[in-house]
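Since the structure comes first, as structure tokens, the remarks are kept for the end.
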2 protein chains.
Amino acid sequence: MGLGWINFAMHKMRPKPARHLAFFYARTGFLHNIKPIERQTLHLKIVDRLREMIEHGDIAPGAKLIEKDLCESFAVSRTPMREAIRALAAEGLVVLTPNRGACVATITEVQILESFLVIGALEGLAGELAAPRITEAQLDDIRGMHISMLERHAANDLDGYYIYNRQIHDAIFEIADNELLKEMRRIVFNRTIRLRFIARIADDEWQVAIKEHEEMIVALEARDGPQLGAILRRHLESKRVQIARWLQRQPSA
Amino acid sequence: MGLGWINFAMHKMRPKPARHLAFFYARTGFLHNIKPIERQTLHLKIVDRLREMIEHGDIAPGAKLIEKDLCESFAVSRTPMREAIRALAAEGLVVLTPNRGACVATITEVQILESFLVIGALEGLAGELAAPRITEAQLDDIRGMHISMLERHAANDLDGYYIYNRQIHDAIFEIADNELLKEMRRIVFNRTIRLRFIARIADDEWQVAIKEHEEMIVALEARDGPQLGAILRRHLESKRVQIARWLQRQPSA
DNA sequence: TTACAGAATAATGTATACAAAATTAAGCTC
DNA sequence: GAGCTTAATTTTGTATACATTATTCTGTAA
């Protein structure tokens, strides 16, 4: 689709596994425990299922998507399967190479850090737009999520913390009320989603994140758009640096 | 989806023409003067051709894309044509409705204004990244484009002005050196590209734009990222307001 | 004429068959 | 065994036929 755009890499050979991350290359093969798919608009359902599997890691990054194998797994013909794969390519989850088929997209360290820069810009805009238009009710909701998030932090429950953290950011985008902005964020998120399953935050970084969230609440209460935008940009920059450090700590291939 | 995403609108009926713009609804029909397309990876070539035609307005916004008609026009079968249409849907140029086919995407006033907000955020980030890393040679290039742009302004040549204007912004994105950022911009641009063919800037707005471009050069020379980012955000906000005024002036349907 | 029901038509969705390209395997030379 | 050429296989790309869903047309009744 590009992201926009259909992502046809023109590399001569099969895409290599990503350099810095321990992702591996594999053939699809027959996938077991696949529920059968109903008739009509199959491709839509296939897209959903494949996306879920890719995001969840059931199909490894870099794995080649053999149409025939996938068709047998899902018990559908190649026509809807091809359409589904191309739709995923448009989302950036899959990379197509003409006459050489599709691979699950891999992500490099550079791409991850690029993503956080872009997300920062998008979140900053969301903050600018959201702060002036937030209602008291919406503010109360966010305060509630914030308190729940603090509880999860106190309980040292990182996964629970992430859930409420995500809810707060989602809420800000909702309040910003810009469909395109939400869509752009979704696209960028898709690229880094697998990372969220594995990257762990360090304790001191966690403290910083909490502090930035406190500031966000203040800016929202003040309906200060530029301020909230600035905080969010800084917040995402912190995350980016965190991720960069985390990546450095990884043994990696 | 989404841009990313495949844009399956779940509306019950045919998409209606956009409310505020005088776009019309039409059936595709046989298109004349279509050059034949070579074998293999047809869908890639079809995508390019269709995109060009849509962006150029040869196929009207809101027009239904009848697979059969298009296949006859391009002398290909439905398989590659369907893949091409779906690829365009992923780009957001086309809207799919399950079992009811594809229409060229229409754009509403709201969507246009949303787009400029997002472009502003992206350009702002590009400026922040580009300023600290620009080389003297790159700066000279931009100065050259800037001078050419001023000449076109002096000659009252708006189209020429837009070309150099676009070149300068493109150059900043190139220097920013963030592939995802460029891709995001491309996606958003796709949504508003048809507008560029018709919207005309007013004289006083033109003066403001020139002044902002002067400031951009200064910030680049100072390698001041935050400053350039701020200028670009303001610059795009000016454009957004311009477009909003231009839209208000339109009779519209 | 309008409103509705059902048939006829046309469009999209899917499966299969064939063509072209890429990959793999085999055979050959050195 | 390494390196190359060429045949066999696999995989992707395209065309066509059939199935399902929408739409349009037609006829009837009020």
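Chain A is the first sequence line, chain B the second, and so forth, proteins listed ahead of strands; every chain is numbered from 1. Predicted, not measured: the structure shown is a model, and the values here were computed from it.
Contact between the side-chain N/O atoms of A/R82 and the OP1/OP2 oxygens of D/dG13 is found at a separation under 4.0 Å. Between C/dG13 and B/R86, a contact under 4.0 Å exists linking OP1 or OP2 to a side-chain N or O. Of the side-chain N and O atoms in B/K64, none sit less than 4.0 angstrom from OP1 or OP2 of C/dA10. An OP1 or OP2 oxygen of C/dG13 is reached within less than 4.0 angstrom by no side-chain nitrogen or oxygen of A/K45.
Between the P atom of D/dT11 and the CG atom of A/L70 lies a distance of 12 Å, rounded to the nearest Å. The distance from atom CD of A/E72 to atom C1' of D/dT11 is 13 Å, rounded to the nearest whole Å. At whole-Å resolution of the value, CD1 in B/I85 and C1' in C/dA11 are 12 Å apart. Residue B/I66 contributes atom CD1, which lies 18 Å from atom P of C/dT9 at whole-angstrom precision. Between B/L44 atom CG and D/dT12 atom C1' the separation is 12 Å, expressed in whole Å. Residue B/K68 contributes atom NZ, which lies 17 Å from atom C1' of C/dG13 at whole-angstrom precision.
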Worked check of salt bridge (charged side-chain N to carboxylate O under 4.0 Å, His left out) between A/E83 and A/R86: CA-CA 5 Å; A/E83 292 184 2; A/R86 269 151 181 73; over 6 Å; no
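With C/dG13, D/dA15, C/dT23 as the choices, the nucleotide that has an atom nearest any side-chain atom of B/V76 turns out to be D/dA15. Comparing D/dT14, C/dA22, D/dT21 against the side chain of B/N99 picks out D/dT21 as the nearest. When each of D/dT12, C/dT14, C/dA22 is scored by its nearest atom to the side-chain atoms of A/L42, the top-ranked nucleotide is C/dT14. Considering only the side chain of A/H43, C/dT14 comes nearest among D/dA22, D/dT14, C/dT14. Side-chain proximity of A/S77 to C/dT16, D/dT11, D/dT14: nearest is C/dT16.
The shortest distance between side-chain heavy atoms of A/N178 and B/V118 falls below 4.5 Å.
Side-chain N/O atoms of A/R78 and base N/O atoms of D/dG13 include a donor-acceptor pair closer than 3.5 Å.
When the side chain to side chain contact (heavy atoms under 4.5 Å, CB included) test is applied to B/R78, the partners found at least two apart in sequence or on another chain are B/E67, B/C71, B/R82. Scanning for side chain to side chain contact (heavy atoms under 4.5 Å, CB included) contacts around A/Q111 gives A/I107, A/T108, A/R191, with sequence neighbours left out.
Salt-bridge formation is detected for the pair A/E128/A/R233: a Lys NZ or Arg NE/NH1/NH2 atom is positioned less than 4.0 Å from an Asp or Glu carboxylate oxygen.
Along DNA chain D, the nucleotide nearest A/E67 and the nucleotide nearest A/T79 are compared for position; the residue whose nucleotide lies closer to the 5' end is A/E67.
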